[in-house]
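These notes are about the structure you will find just below.
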Amino acid sequence: MHTRIDIKRNDQVKVITGRDKGKQGRVLRVFPGEGKVLVEHVMVVKKNVRPNPQRNIKGGIAEQESPISISNVMVVCPSCGPSRVGHRMEGSRRVRVCKRCNAALGK
Ligand SMILES: [Zn+2]
C-alpha cells in the first residue's frame with residue numbers, strides 16, 4: 001500500500017485521536033515504512049533503566065516517546081491551527097500548503 005506522507009521532521013503536529021488527544025508537539029522522526037511519527041512529549045512511556053556506571057547511566061525511570069500512527073495527527077498551520085495539508089507547484093517544486101489559508105508549510 002502506498003501512503004503519501006505529508007509530515008516532515010520538525011513540523012508542529014496536533015494529536016487528534018488516542019490516548020494523547022489534544023497534545024501538540026514537534027515531529028522528531030518520521031517512519032515512512034510504518035506510517036508513523038515520533039512526536040515530542042506525545043505517547044511518552046516510562047522505562048526502567050538499570051544503572052550502568054561504566055556508561056555513566058544513573059538508572060531510575062526514563063521517559064521516552066513512542067511512535068504513533070500518522071493518521072492520528074494533523075499538521076498545525078501557524079495561522080489556522082491543525083489543518084489538512086495540500087500541495088501547490090512552485091516552479092518545478094511541489095510545496096506543502098495549508099488547505100485552509102493556502103500558506104506554505106515548512107519545506
Ligand atoms: Zn493555514
Side-chain angles (χ1 to χ4, degrees):
M1 194 186 87
H2 176 76
T3 327
R4 204 173 59 195
I5 294 186
D6 287 324
I7 294 179
K8 294 194 172 167
R9 203 160 66 90
N10 290 333
D11 277 353
Q12 282 291 325
V13 294
K14 185 160 191 168
V15 182
I16 50 167
T17 185
R19 196 193 79 176
D20 281 348
K21 183 176 170 179
K23 280 196 186 175
Q24 198 176 306
R26 190 167 56 93
V27 174
L28 303 172
R29 248 185 106 176
V30 181
F31 303 91
E34 296 150 67
K36 290 188 166 183
V37 284
L38 193 65
V39 185
E40 198 174 33
H41 307 312
V42 167
M43 275 306 275
V44 173
V45 289
K46 291 195 164 84
K47 275 177 63 182
N48 280 305
V49 180
R50 285 195 180 176
N52 185 340
Q54 280 165 356
R55 286 166 56 199
N56 202 22
I57 294 170
K58 265 202 234 158
I61 294 169
E63 297 197 334
Q64 199 180 49
E65 288 93 353
S66 3
I68 62 168
S69 171
I70 277 171
S71 56
N72 291 358
V73 301
M74 277 183 104
V75 174
V76 176
C77 165
S79 31
C80 16
S83 63
R84 304 197 70 103
V85 177
H87 298 95
R88 181 172 69 205
M89 295 303 290
E90 279 184 5
S92 57
R93 268 183 63 221
R94 201 173 73 129
V95 295
R96 298 181 306 151
V97 295
C98 167
K99 274 203 170 166
R100 235 178 287 174
C101 69
N102 235 21
L105 296 168
K107 275 187 245 161

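All heavy atoms count here, side chains included; hydrogens, waters and symmetry mates do not. Counting starts at 1 for both ligands and their atoms, following the listed order.
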Applied to residues 68-85, the side chain to side chain donor-acceptor pair (under 3.5 Å) test, sequence neighbours excluded, yields S69-S71
Exactly one of T17, I7, V27 clears side-chain contact (heavy atoms from CB on, under 4.5 Å) with V73, and that residue is I7
Non-neighbouring partners of V97 that pass side chain to side chain contact (heavy atoms under 4.5 Å, CB included), sequence neighbours left out | R88, V95, N102
Can you give the donor-acceptor pairs under 3.5 Å from side chains of residues 40-65 to other protein atoms, not counting sequence neighbours?
from, atom 1, to, atom 2, distance (Å)
K46, NZ, E63, OE2, 3.4
N52, OD1, Q54, N, 3.3
N52, OD1, R55, N, 3.4
E65, OE2, H41, N, 2.8

What is the distance from atom CZ of R29 to atom CZ of R9, rounded to the nearest 0.5 Å?
-> 10.0 Å
Please report the number of protein N, O or S atoms that lie less than 2.8 Å from the Zn ion (ligand 1).
-> 4
Check whether V13 and L105 end up in the same hydrophobic cluster, where Ile, Leu, Val, Met, Phe, Trp and Tyr are linked by side-chain heavy atoms less than 4.5 Å apart.
-> yes
